[in-house]
There are 2 protein chains.
Amino acid sequence: MAGPKRAQESLQEIGYRLTPQRMMILAAIQESGHVSADEIYEKVREEYAFMDIATVYRTLALLKKLHLVTETDLGGAATRYELSAEPHHHLVCRDCGATTPLDNDLFEPLRLTLKERFGFAAELEHLPVFGVCSLCASQAKRSERRRSGARAGTAS
Amino acid sequence: MAGPKRAQESLQEIGYRLTPQRMMILAAIQESGHVSADEIYEKVREEYAFMDIATVYRTLALLKKLHLVTETDLGGAATRYELSAEPHHHLVCRDCGATTPLDNDLFEPLRLTLKERFGFAAELEHLPVFGVCSLCASQAKRSERRRSGARAGTAS
DNA sequence: CTTGGTGCAAAACTTTTGCACGGAG
DNA sequence: CTCCGTGCAAAAGTTTTGCACCAAG
């Protein structure tokens, strides 16, 4: 895990200011793992009521440009962000919404194949893999009820 | 490739009406491959000026539910749709935006690994793999100028 | 002084929803 | 007649942008 410390240093090294807002945003991302812009916004507002959603987006755009955070679009709802770290991926359960981190090694064979066969330089930094986790697969059999509370699991 | 013919038959078999609008939408998807809802809308409007964007979305939702089209979120911009076919994937070049179809076999080893190691039933129906195609990789060296309209990039 | 970063407000964009009408079954 | 599907309009949600101000360099 690359702590926000490193991200903060990187920011300053390249000549960007390390403002309180940016520190709070980085901290919020670190604490929560995968977060949407709005979740960051709400979280930071708990301690700093004047935080603006536009600042969140602008900061995220900056961090993204500097490769300090990665952006993952989980389809449909809002884009989620995470501190950059070693390339890794996530299993995303479409039922309970839980995300399981996934080592990058699993994707190396695929990446090599794409490079050899197509000359395609795949950027497999942070891929969401949708599906149904083992827990939900077994629960689905006994309880047909769910569909409701599958929003912000994010136990990364 | 499953032509729209089959999709149309499927619609009727299950008891849905095969309206002109739905036919035009299916035709538009087939002609263009990956298309956004808005592109479908514009395309159909060339021959039928009263087409409504809501109808496009409602039709897409229906076709999606019936697994007649697949939905692919390329991050950031609008979701894209495609006629269902054999499970397959796409290489998406973040520079030129070109998409190259990719056989599902390449992903089978990964799917099996996820199943064995995590008990996770991955739904690898239609995965976009971002990166840089061989063409753009070589062109990037001589011409540094990028095209500006492509929102396809920056997906981590 | 000059510039970067913020807060506020409004816009832009994609997608969804309410409502009434018309045609198909 | 009873619904399904449509067109129109408005709403909802996410992300971007214009503008003025403040503070840092």
Side-chain angles (χ1 to χ4, degrees), chain A residues 7-8 11-26 28-29 34-45 47-66 68-69 71-81 151-152, chain B residues 7-8 11-26 28 34-45 47-66 68-69 71-81 148-156:
Chain A
Q8 293 178 3
L11 259 188
Q12 291 186 300
E13 282 170 17
I14 327 180
Y16 292 94
R17 293 190 203 153
L18 185 50
T19 64
Q21 288 88 343
R22 288 177 180 171
M23 286 192 283
M24 289 187 282
I25 288 171
L26 279 167
I29 300 174
H34 286 93
V35 270
S36 66
D38 193 63
E39 284 164 356
I40 297 170
Y41 174 57
E42 292 298 341
K43 182 150 200 129
V44 174
R45 251 158 62 104
E47 56 172 315
Y48 174 56
F50 297 98
M51 174 57 70
D52 192 274
I53 187 67
T55 299
V56 174
Y57 277 107
R58 280 187 284 230
T59 299
L60 287 173
L62 174 64
L63 297 174
K64 192 168 61 180
K65 193 176 72 179
L66 302 178
L68 295 176
V69 302
E71 187 186 63
T72 310
D73 197 319
L74 301 186
T79 309
R80 306 191 90 80
Y81 299 86
R151 271 292 79 96
Chain B
Q8 294 178 4
L11 260 187
Q12 291 186 299
E13 282 169 18
I14 325 181
Y16 292 94
R17 293 191 203 151
L18 185 51
T19 64
Q21 287 88 341
R22 288 175 179 172
M23 286 193 282
M24 288 188 282
I25 289 171
L26 278 168
H34 287 91
V35 269
S36 65
D38 191 64
E39 283 164 355
I40 296 170
Y41 173 58
E42 291 299 341
K43 181 148 199 132
V44 173
R45 251 159 62 104
E47 57 173 314
Y48 174 56
F50 297 97
M51 173 58 67
D52 193 273
I53 187 66
T55 299
V56 175
Y57 278 107
R58 281 187 283 231
T59 300
L60 286 173
L62 174 65
L63 296 175
K64 195 168 58 180
K65 192 176 71 179
L66 301 179
L68 295 176
V69 303
E71 186 186 63
T72 310
D73 197 319
L74 300 186
T79 308
R80 305 192 90 80
Y81 300 85
S148 45
R151 303 244 19 118
T154 328
S156 173

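Every chain is numbered from 1, with letters handed out A, B, ... down the list of sequences. Here the structure is a predicted model, which is why all the values come from computation and not from measurement.
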Nucleotide nearest [X] (side chain, heavy atoms from C-beta), chosen from [options]:
X: A/Asp52; options: D/dG7, C/dG7, D/dT17; result: C/dG7
X: B/Arg58; options: C/dG5, D/dT14, C/dG18; result: C/dG18
X: B/Ala37; options: D/dT15, C/dG4, C/dT15; result: C/dT15
X: A/Arg17; options: C/dT3, D/dG5, D/dC8; result: C/dT3

Interatomic distance, [X] [atom1] vs [N] [atom2] [rounded to whole Å]:
X: A/Ile25; N: C/dT6; atom1: CD1; atom2: P; result: 7 Å
X: B/Leu18; N: D/dG5; atom1: CG; atom2: C1'; result: 12 Å
X: A/Glu39; N: D/dG13; atom1: CD; atom2: C1'; result: 14 Å
X: A/Tyr41; N: C/dT6; atom1: OH; atom2: P; result: 14 Å
X: B/Leu11; N: D/dC4; atom1: CG; atom2: C1'; result: 13 Å
X: A/Asp38; N: D/dA12; atom1: CG; atom2: C1'; result: 13 Å
X: B/Ile53; N: D/dT6; atom1: CD1; atom2: P; result: 13 Å
X: B/Gln21; N: D/dC8; atom1: CD; atom2: C1'; result: 14 Å

Does the side chain of [X] reach to within under 4.5 Å of the side chain of [Y], using non-hydrogen atoms?
X: B/Ile14; Y: B/Leu66; result: yes
X: B/Tyr41; Y: B/Met51; result: yes
X: A/Arg17; Y: A/Leu11; result: no

Look at all strands and tell whether A/Phe50 reaches a base, only sugar-phosphate, or nothing, counting heavy atoms closer than 4.0 Å.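 Sugar-phosphate contact only - A/Phe50 comes under 4.0 Å of backbone atoms but never of a base.
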
message: Counting the atoms with a prime plus P, OP1 and OP2 as sugar-phosphate, which does A/Ala61 contact under 4.0 Å by heavy atoms, base, sugar-phosphate, or nothing?
response: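 Result for A/Ala61 = nothing.
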
[X] side chain N/O closer than 4.0 Å to the phosphate oxygens (OP1, OP2) of [N]?
X: A/Arg22; N: C/dT6; result: yes
X: B/Thr55; N: D/dG7; result: yes
X: B/Tyr57; N: C/dT16; result: no

Reading DNA chain D from 5' onward, which residue's closest nucleotide shows up sooner: A/Ser36 or B/Thr19?
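In this pair, the answer is B/Thr19.
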
- request: Hey, could you give me the CG/NZ distance between B/Leu62 and B/Lys65, rounded to the nearest 0.5 Å?
  value: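 Here the interatomic distance stands at 6.0 Å.
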
Show the numbers, then the answer: is there a salt bridge (charged side-chain N to carboxylate O under 4.0 Å, His left out) between A/Arg80 and A/Glu71?
CA-CA 6 Å; A/Arg80 306 191 90 80; A/Glu71 187 186 63; over 6 Å; no

